[in-house]
Undergrad: 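Take a look at the following structure, please.
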Amino acid sequence: MYKPVSDSFFKEPVLELAYRLVGQYIVHESEEGLIVARIVETEAYHGPEDRAAHSFGNRRTKRTEIMFGEPGSVYTYQMHTHTLMNVVAGPVGTPHAVLLRAAEPVVGQELMEERRGGHLKITDWTNGPGKLSKALGVTMRYYGHNWGEEPLFIAEGPGSAEIEAGPRVGIGNSGEAVHYPWRFYEKDNPFVSKYRP
DNA sequence: CGGGTGATAGACT
DNA sequence: GTCTATCACCCGG
């Protein structure tokens, strides 16, 4: 069955962690049933020097607090109707995080379709951060949870044949960081949210 | 009770 | 494929 990765998995530099997360499984043992999805797209957020991060300049509020905490913590935030999932990276005291942007359904597809309201193409279930959270049934109640513990955890997956890096999407055009290749995604995977050359 | 937080769905070309 | 109107929750005071 699916087993959580060890704590040491999260104790990598944020870019390394973002890269290694691609191809791993997100497992959610929800009340309605088991959900497993293979991550195909992530983005690294490099706390203090990254204008796109909520924690830019070490801005520390109750909301961003968790990013200063233990690697492997779950940072969720609410974006209007959508919840976005992040994995906190270390070390403690540095607000780095990895945003999970897209994944490929593996187990629990009927449940995902139901949660997404049906009538959508399968590639539209999880090919974006908000869609992914909704399909998996992840909400703010997982804020501060640990990605190494049930019922929501990262499990070792089959990996990816080929991972590419590119500039991130959906961030304001401010600062050098915009151009950094801090988005990691599986080459030619239809569940990647979009392809930007 | 006001401010902060970008992605989604669907229409259009 | 591209464009854009619309969307609600959490937090701090």
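Worth saying up front: this structure is predicted, and the values here are computed from it rather than measured. Here is the naming used below: chain letters follow the sequence lines, and residue numbers restart at 1 for every chain. All values below come from the heavy atoms of this structure, side chains included, with hydrogens, waters and symmetry mates left out.
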Undergrad: Tell me: CZ of A/R51 to P of B/dT5, nearest whole Å?
TA: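 For the pair A/R51 CZ and B/dT5 P, the rounded distance is 13 Å.
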Undergrad: Connecting only ILVMFWY residues whose side-chain heavy atoms lie within less than 4.5 Å of each other, what is the rest of A/F153's hydrophobic cluster?
TA: A/M1, A/Y2, A/Y25, A/V27, A/L34, A/V36, A/V106, A/V107
Undergrad: How would you label the contact of A/R59 with the nucleic acid (heavy atoms, under 4.0 Å): base, sugar-phosphate, or nothing?
TA: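 Since only primed, P, OP1 and OP2 atoms lie under 4.0 Å of A/R59, the category is sugar-phosphate.
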Undergrad: For A/L99 and B/dT5, give me the distance from atom CG to atom C1', rounded to whole Å.
TA: 13 Å
Undergrad: Take atom CD of A/E156 as the centre, draw a 6.0 Å sphere, and report whether it contains more than 12 heavy atoms from other residues, nucleotides or ligands.
TA: no
Undergrad: Mind checking side chain to side chain contact (heavy atoms under 4.5 Å, CB included) for A/P13 and listing every partner two or more places apart, or none if nothing turns up?
TA: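 Side chain to side chain contact (heavy atoms under 4.5 Å, CB included) list for A/P13, sorted by chain: A/E16.
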Undergrad: Walk me through it: do A/S160 and A/R38 pass the test side-chain contact (heavy atoms from CB on, under 4.5 Å)?
TA: CA-CA 9 Å; A/S160 286; A/R38 193 171 63 90; 3.5 Å; yes
Undergrad: Give the angle between the helix axes at the two ends of the helix from B/dC1-C/dG12 to B/dC12-C/dG1, taking five base pairs at each end and rounding to 10°.
TA: 10°
Undergrad: Should we say atom CZ of A/F9 is surrounded by more than 12 heavy atoms from elsewhere, each under 6.0 Å from it?
TA: yes
Undergrad: B/dA7 C1' sits how many Å from A/R183 CZ, rounded?
TA: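 For the pair A/R183 CZ and B/dA7 C1', the rounded distance is 14 Å.
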Undergrad: Going by salt bridge (Lys or Arg N to Asp or Glu O under 4.0 Å), name the residues that satisfy it together with A/K11, two or more places apart in sequence or in a different chain.
TA: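 With sequence neighbours excluded, A/K11 shows a salt bridge (Lys or Arg N to Asp or Glu O under 4.0 Å) to no residue whatsoever.
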Undergrad: Take atom NZ of A/K131 and atom C1' of B/dG6, then tell me their distance rounded to the nearest Å.
TA: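 One finds 13 Å between C1' of B/dG6 and NZ of A/K131, rounded.
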Undergrad: Using a 4.0 Å cut-off on protein heavy atoms (strictly under), produce a 5'-to-3' string for nucleotides 6-13 of chain C with B for base contact, S for backbone-only sugar-phosphate contact, and - for none.
TA: -BBSS-S-
Undergrad: Once side chain to side chain contact (heavy atoms under 4.5 Å, CB included) is applied, do any residues pair with A/S73, and if so which ones, sequence neighbours excluded?
TA: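 Scan of A/S73 (side chain to side chain contact (heavy atoms under 4.5 Å, CB included), adjacent residues dropped) gives A/I66, A/E70, A/V88.
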Undergrad: Just how far, in rounded Å, is C1' of B/dA9 from CZ of A/R116?
TA: 10 Å
Undergrad: Using only side-chain N and O atoms of A/K134, determine if any of them is under 4.0 Å from OP1 or OP2 of B/dA7.
TA: no
Undergrad: Think A/R168 forms a cation-pi with A/Y180, using NZ or CZ under 6.0 Å from the six-ring centre and within 45 degrees of its axis?
TA: no
Undergrad: Would you kindly give the CG-to-P distance between A/L84 and B/dT5, to the nearest whole Å?
TA: 13 Å
Undergrad: How many whole angstroms separate atom CG of A/L120 from atom P of B/dG10?
TA: 7 Å
Undergrad: With heavy-atom distances below 4.5 Å as the criterion, would you say the side chains of A/R101 and A/T42 are in contact?
TA: no
Undergrad: Measure the distance from CE on A/M67 to P on B/dT5 and round it to the nearest whole Å.
TA: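 About 10 Å, once rounded to whole Å.
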